[in-house]
Undergrad: 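Starting off with a structure, shown below.
Numbered from 1 within each chain, the chains take letters A, B, ... in sequence-line order. The model shown is predicted, which means the values in this text are computed figures rather than measured ones.
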2 protein chains.
Amino acid sequence: MSTTTAYERQVREAGLRVTRPRVAVLAAVHEHPHLDTEEILGLARADLGAVSHQAVYDVLRALTTAGLLRRIEPEGSPARYETRVGDNHHHLVCRSCGTIVDVDCTVGAAPCLTASDDHGFVIDEAEVVFWGLCPTCQAAHASTTSRPHGGNTRV
Amino acid sequence: MSTTTAYERQVREAGLRVTRPRVAVLAAVHEHPHLDTEEILGLARADLGAVSHQAVYDVLRALTTAGLLRRIEPEGSPARYETRVGDNHHHLVCRSCGTIVDVDCTVGAAPCLTASDDHGFVIDEAEVVFWGLCPTCQAAHASTTSRPHGGNTRV
DNA sequence: CCGCCAAACTGGAACGAGTCAAGTTTCGCG
DNA sequence: CGCGAAACTTGACTCGTTCCAGTTTGGCGG
């Protein structure tokens with residue numbers, strides 16, 4: 001087993017120092033996408049024994065600005081991170097349990113990308129979030145409540 | 001001038017009691033879309049003289065769940081509200097100053113709505129956020145920095 | 001191979017947005 | 001016009017995140 005993992009290399013190539021917390025965090029996020037900061041902290045601690053709260057926040061920010069991580073932040077949820085960067089993919093979030101899964105935007109070229117009127121803005125990214133119920137929660141809700149959510153279902 | 005404004009009617013028709021804070025908040029949001037809670041609180045106070053922090057939070061939640069308001073929450077920003085509900089429109093956010101403007105999604109029927117693979121989810125909404133630079137900030141940045149943001153521009 | 005210094009980490013305090021809880025006021029139906 | 005539920009007030013508190021001051025450490029120049 002090489003101690004010089006691909007993660008170390010990635011960190012180094014991003015122009016950042018290679019430190020244990022950084023590698024641990026990068027590995028954790030890579031293996032478990034969409035975790036929030038606290039969960040990442042947990043994994044990092046399991047890996048290293050002890051890391052400070054702060055170190056993880058610093059590392060996440062450093063890796064994010066270096067482009068190794070992408071930060072996502074669905075409404076009502078703390079920040080989450082993933083290693084899929086630079087590819088065109090979006091997210092599907094369960095309204096009930098908060099589970100997030102990746103989805104690729106099929107429709108050929110980025111659809112809905114060109115706003116009807118850009119108001120003079122220079123648009124550099126279109127972010128899409130799909131809201132719904134995951135299979136598990138569908139089952140759970142079907143048996144208990146009939147309809148948990150109100151109208152406003154238009155898209 | 002009728003004291004029984006359209007706002008009052010709206011509140012009543014939503015099955016909610018008509019109270020001063022509610023009408024004031026609804027009016028404020030209607031006249032100034034995309035304000036955050038604190039700004040709404042300010043307007044409500046200007047209107048009523050005194051309202052508690054809590055009342056505004058309660059009212060915003062009540063009106064939101066009643067479907068009179070829509071809550072939006074761009075990353076890194078506190079919650080904001082608008083009265084355009086039920087129509088298919090999205091938002092354009094300036095990375096630099098945070099300004100938000102509404103955009104209608106041209107492309108006929110909701111595009112990008114169908115994820116390539118829905119993972120078994122029942123999708124009820126697709127939310128689109130366009131990120132970019134508003135005209136004002138473009139000018140400002142052009143004179144100071146050449147390029148404020150990194151890569152990850154794909155969509 | 002050593003020492004230096006910026007970058008990275010530690011611990012703890014602070015902050016802003018939002019929520020909770022207990023008690024008082026007020027809307028509006030009967 | 002009176003009563004009960006809904007709405008409001010005050011104030012404490014939680015949670016995620018950031019700030020700060022001081023210590024440690026990676027890795028390059030000597």
Undergrad: Anything under 4.0 Å to a heavy atom of chain A counts; send over the first and last such nucleotide of DNA chain D, read 5' to 3'.
TA: D/dG16 to D/dG27

Undergrad: Can you tell me how far apart CZ (B/F130) and CG (A/D124) are? Round to the nearest 0.5 Å.
TA: 12.0 Å

Undergrad: May I have all residue pairs that pass salt bridge (charged side-chain N to carboxylate O under 4.0 Å, His left out) and include part of residues 35-56 of chain B, sequence neighbours excluded?
TA: B/D36-B/R80, B/E39-B/R80

Undergrad: Can you find a side-chain donor-acceptor pair between A/H34 and A/D102 that sits under 3.5 Å?
TA: yes

Undergrad: Using a cutoff of under 3.5 Å, can you pull out all pairs of nitrogen or oxygen atoms linking the protein to nucleotides 3-7 of chain C, with atom names and distances?
TA:
from, atom 1, to, atom 2, distance (Å)
C/dA6, N3, A/R17, NH2, 3.3
C/dA7, O4', A/R17, NH2, 3.1

Undergrad: Measure the distance from CG on A/L48 to P on C/dA8 and round it to the nearest whole Å.
TA: 16 Å

Undergrad: Expressed in angstrom and rounded to an integer, what is the separation of A/E73 atom CD from C/dG18 atom P?
TA: 12 Å

Undergrad: Check B/E73 against A/G76 and note the closest heavy-atom contact, atom names and distance.
TA: OE2-N, 3.5 Å

Undergrad: Quick check for you: to the nearest 0.5 Å, what is the distance between A/I100 atom CD1 and A/H90 atom NE2?
TA: 14.5 Å

Undergrad: Find the distance between CZ (B/R22) and CG (B/L60) and round it off to the nearest 0.5 Å.
TA: 11.0 Å

Undergrad: How many angstroms lie between atom CD1 of B/I40 and atom CG of B/L69, to the nearest 0.5 angstrom?
TA: 7.5 Å

Undergrad: Could you tell me how far apart B/R12 (CZ) and C/dT26 (P) are, to the nearest whole angstrom?
TA: 18 Å

Undergrad: Cluster question for you: counting only ILVMFWY and a side-chain heavy-atom cut-off of under 4.5 Å, with indirect links fine, are B/V56 and B/V18 together?
TA: yes

Undergrad: With each end axis built from five pairs of C1' atoms, what bend angle do you get for the helix from C/dC1-D/dG30 to C/dG30-D/dC1? Round to 10°.
TA: 30°

Undergrad: What parts of residues 32-47 of chain A reach DNA chain C, counting only heavy atoms under 4.0 Å away?
TA: none

Undergrad: Return yes if some donor-acceptor pair links the side-chain N/O of A/Q138 with the main-chain N/O of B/G120 below 3.5 Å, else return no.
TA: yes

Undergrad: At a heavy-atom distance below 4.0 Å, what parts of residues 52-66 of chain A sit against DNA chain D?
TA: A/H53, A/Q54, A/Y57

Undergrad: In this structure, would B/Y81 and B/L16 fall into the same cluster of hydrophobic residues linked by side-chain contacts under 4.5 Å?
TA: yes

Undergrad: Which comes earlier along DNA chain D counting from the 5' end, the contact point of A/R80 or that of A/V18, where each point is its nearest nucleotide?
TA: A/R80

Undergrad: Could you walk me through whether A/R95 and B/E125 pass salt bridge (charged side-chain N to carboxylate O under 4.0 Å, His left out), step by step?
TA: CA-CA 10 Å; A/R95 287 196 194 274; B/E125 185 183 351; 2.9 Å; yes

Undergrad: I'd like to check A/L68 versus A/V29 (side-chain heavy atoms, cut-off strictly below 4.5 Å). Are they in contact?
TA: no

Undergrad: Which word best sums up how the rings of B/F121 and B/H119 line up, parallel for under 30°, tilted for 30 to 60°, or perpendicular for over 60°?
TA: perpendicular

Undergrad: Map B/L16 and B/R71 onto DNA chain C by nearest heavy atom, then report which one ends up closer to the 5' terminus.
TA: B/R71

Undergrad: Whether the A/H89 and A/E82 side chains hold a donor-acceptor pair (N or O, under 3.5 Å, no angle test) is what I'd like checked.
TA: yes

Undergrad: Which pair of non-hydrogen atoms, one from B/T65 and one from B/A62, has the smallest distance, and what is that distance?
TA: OG1-O, 3.1 Å

Undergrad: Which nucleotide in the list C/dA8, C/dG18, C/dC27 gets nearest to the side chain of B/P78?
TA: C/dG18

Undergrad: Would you check if B/V103 and B/V128 make a side-chain contact, meaning some heavy-atom pair closer than 4.5 Å?
TA: no

